[in-house]
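Counting from 1, the numbers follow the sequence of the chain as shown.
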Amino acid sequence: MVVYQKHYDIIVVGAGHAGCEAALAGARMGCSTLLLSINLDAVALMSCNPAIGGLAKGHLVKEIDALGGEMAKNIDATGIQFRILNTRKGPAVRASRAQADKQLYRLRMKRVLENQENLSMKQGEVTGLYVENGTVLGVDTRVGVRFMGETVILTTGTFLRGLIHVGLTRYAGGRAGDLPAEGLSDSLREFGFEIGRLKTGTPARLDGRTIDFSRLEVQHGDDPPVPFSFSTERIDRPQLPCHIAYTNQRTHDIIRANLDRSPLYGGVIEGVGPRYCPSIEDKVVRFPEKERHQTFLEPEGADTVEIYPSGLSTSLPIDVQFSLYRSIEGLEQVEIVRPAYAIEYDYVDPIQIHASLETKPVRNLYHAGQINGTSGYEEAAAQGLMAGINAALRVKGRDPLVLGRGEAYIGVLIDDLVTLGTREPYRMFTSRAEYRLLLREDNSDLRLREKGSAVGLVPEEDYQRFQEKRKMIGEELERLKTTRLAPTDADPAFLEEHGLGELQNALSYEQLLRRPEFSYRDLERIDIGCRGLPEAVREQVEIQIKYQGYIDRQLQQIDRSAKLESSRIPEGFDYGTLKGLSSEVREKLIRFRPDTLGQASRIQGITPAAISILSVAIKAGRGK
């Protein structure tokens, strides 16, 4: 084994969405960072849907941006259709989504990485970890080079013993066109990690020249498009439409007639697939009463004919795929450019990581992305960013940055993984966050910008802009409290229009805005002071005023749980010494090894009584 002459602070294995954020975070925080990838031409490649964001996922992207990550800036620079989802619902569940020009997204991210100070990129397959005395010291590659580093971050995606299925045909691959990583899983097992098996899939890519779009429903994006990043002023790129199509009874009959040739139903695939993003054959079997299923035909870029049929992933044989896609109206003559497939891969049970994403069996080793059992670019990028931040903080001798469930969706994501584990690909939903009215997309910068600045990831220009916005919000909230509408000064027609005809006493502008039917547009008619106020400031002020009661209630709930979250359980705590715990509770505590009482309280089967016993024992200094 040849030992490379340079010693790095951080080594990142894998250059997918998690690896890119991890490497950039480490380098931007001043650490010498090495990014290793099996294929440097596939950096930030969108292996599945060419889109960023969506329900709850958009929240993650906004939080990544607020902390100083790159994903939001990258989609703003390469997006071809932007939409805000759930605009008719409350602000807590509104979400941003954008189609990407797939190749431009990859190329821009690669350019950002290549031009980042403190960051080196090398092509190589990591086959093992170099560990001494329980601490990782470097990684070994297939060509016989050992790279040494203070910390290592594994962001392996679907490459760990990846196995691709098209019907009953299967072959090794990290994704279509790329080699798998074969040796690393065995190395992880040697160091005590529990390895599981998961499955995901992707639709075929279709030739847009062979689709009759005139027979399909067109879907345009928002005009004007709203950027993801708090640093992006506007989107200048030309925007493209998507189209909507539907399966039919003939499609479903084709699928049912060929289930015996499906690796999913033939017992060939061992891994557990995503519950909330099932294949089309899974949908047909699980929902036999549905007459049709919707698909969005999404362009993969401005300069390609390839179309992504969202919602039509399958692992059926290629001849069945031809029949399946051609059974859909408008697709009768469609040609398949790239076949659909399913892929199985190894992952590491995430109960074996701390909330910092450092692993419990091996010190200075961090895991991020699909290796932790998650699904989706956004979930991966969020973990990659936090792993990069915490690896850099470890190098600098500083405490890790851990986000709580009341601070960020990123906190919810990581806490779910480390306290509950997962046996299927984990996907973020707004329903997973108990404080979702606080964790809105629109206030991600107000929640997290300070933290991103504190670790050194937010550029000074962005931080100054944020401070000005925050100041304007505070001043406007104060102004609205003190400025009042007197009945004698108001236009009677205005009062009647808003149900204030019987108004006897003056109302503050804050009280007016608190009324459900009253908005800043109404206030503009009587208030010169709010005219010209930036839209982002108006949005924040109006939401904070209208939802103040609910927000205060959730803040009180967070305060009540803070004591548990801050009560750390000593490392190596001996649960066997505690009397009063059931054998089931004791076994779970030993297996999960929670870092705090808060984490322990969220492990399924851990009772409040057990938490009380554990709390008393910690205060008494027992169990050490």
Assess whether atom [atom1] of [X] is packed by more than 12 heavy atoms of other residues, nucleotides or ligands within 6.0 Å.
{"X": "Arg525", "atom1": "CZ", "value": "yes"}
{"X": "Glu517", "atom1": "CD", "value": "yes"}
{"X": "Arg531", "atom1": "CZ", "value": "yes"}
{"X": "Glu460", "atom1": "CD", "value": "yes"}
{"X": "Asp303", "atom1": "CG", "value": "no"}
{"X": "Tyr550", "atom1": "OH", "value": "no"}

Does some side-chain heavy atom of [Y] sit less than 4.5 Å from a side-chain heavy atom of [X]?
{"X": "Asp101", "Y": "Arg237", "result": "yes"}
{"X": "Ile371", "Y": "Thr155", "result": "no"}
{"X": "Lys73", "Y": "Asp76", "result": "no"}

Determine, for [X] against [Y], whether the closest basic-nitrogen to carboxylate-oxygen distance falls under 4.0 angstrom.
{"X": "Arg479", "Y": "Glu476", "value": "yes"}
{"X": "Lys396", "Y": "Glu150", "value": "no"}
{"X": "Glu539", "Y": "Arg440", "value": "no"}

Run the side-chain contact (heavy atoms from CB on, under 4.5 Å) test against Arg83 and tell me which residues pass, sequence neighbours left out.
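Here the qualifying residues are Gln81, Leu85, Gln219, Asp222.
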According to side-chain contact (heavy atoms from CB on, under 4.5 Å), who are the partners of Glu114, at least two apart in sequence or on a separate chain?
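Once residues adjacent in sequence are excluded, the partners of Glu114 under the side-chain contact (heavy atoms from CB on, under 4.5 Å) criterion are Lys110, Met121.
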Row check, Tyr366 ring normal vs Arg394 NZ/CZ: under 6.0 Å, within 45°
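Here Arg394 fails the 6.0 Å and 45° test against Tyr366.
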Can a cation-pi geometry be assigned to Lys62 and Phe230, taking NZ or CZ under 6.0 Å from the six-membered ring centre and within 45° of the ring axis?
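That pair qualifies as a cation-pi contact.
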Please evaluate residues Tyr347 and Thr374 with respect to the criterion side-chain contact (heavy atoms from CB on, under 4.5 Å), reporting the C-alpha separation (whole Å), side-chain torsions for both, the decisive distance (0.1 Å), and the verdict.
CA-CA 9 Å; Tyr347 80 108; Thr374 57; over 6 Å; no
Option among His17, Arg106, Arg108 that satisfies the side chain to side chain donor-acceptor pair (under 3.5 Å) test with Asn74:
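Testing Asn74 for a side chain to side chain donor-acceptor pair (under 3.5 Å) against His17, Arg106, Arg108 leaves exactly one candidate, Arg108.
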CA sep, side-chain torsions, deciding dist, call: Glu468, Gln464, side-chain hydrogen bond (donor to acceptor under 3.5 Å, both in side chains):
CA-CA 6 Å; Glu468 180 62 26; Gln464 291 299 328; over 6 Å; no
CA sep, side-chain torsions, deciding dist, call: Asp552, Gln556, side-chain hydrogen bond (donor to acceptor under 3.5 Å, both in side chains)
CA-CA 6 Å; Asp552 288 344; Gln556 291 168 8; over 6 Å; no
Test side-chain hydrogen bond (donor to acceptor under 3.5 Å, both in side chains) on Asn390 and Ser356; report intermediate values, then the result.
CA-CA 6 Å; Asn390 286 326; Ser356 65; 5.0 Å; no
Glu379, Arg405, Met386, Glu378 screened by side chain to side chain contact (heavy atoms under 4.5 Å, CB included) with Ile410, the one that passes:
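So, applying the side chain to side chain contact (heavy atoms under 4.5 Å, CB included) to Ile410 and each of Glu379, Arg405, Met386, Glu378, only Met386 qualifies.
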Audit row: Ser96, Glu441, side-chain contact (heavy atoms from CB on, under 4.5 Å) steps and yes/no:
CA-CA 8 Å; Ser96 302; Glu441 269 196 8; 2.8 Å; yes
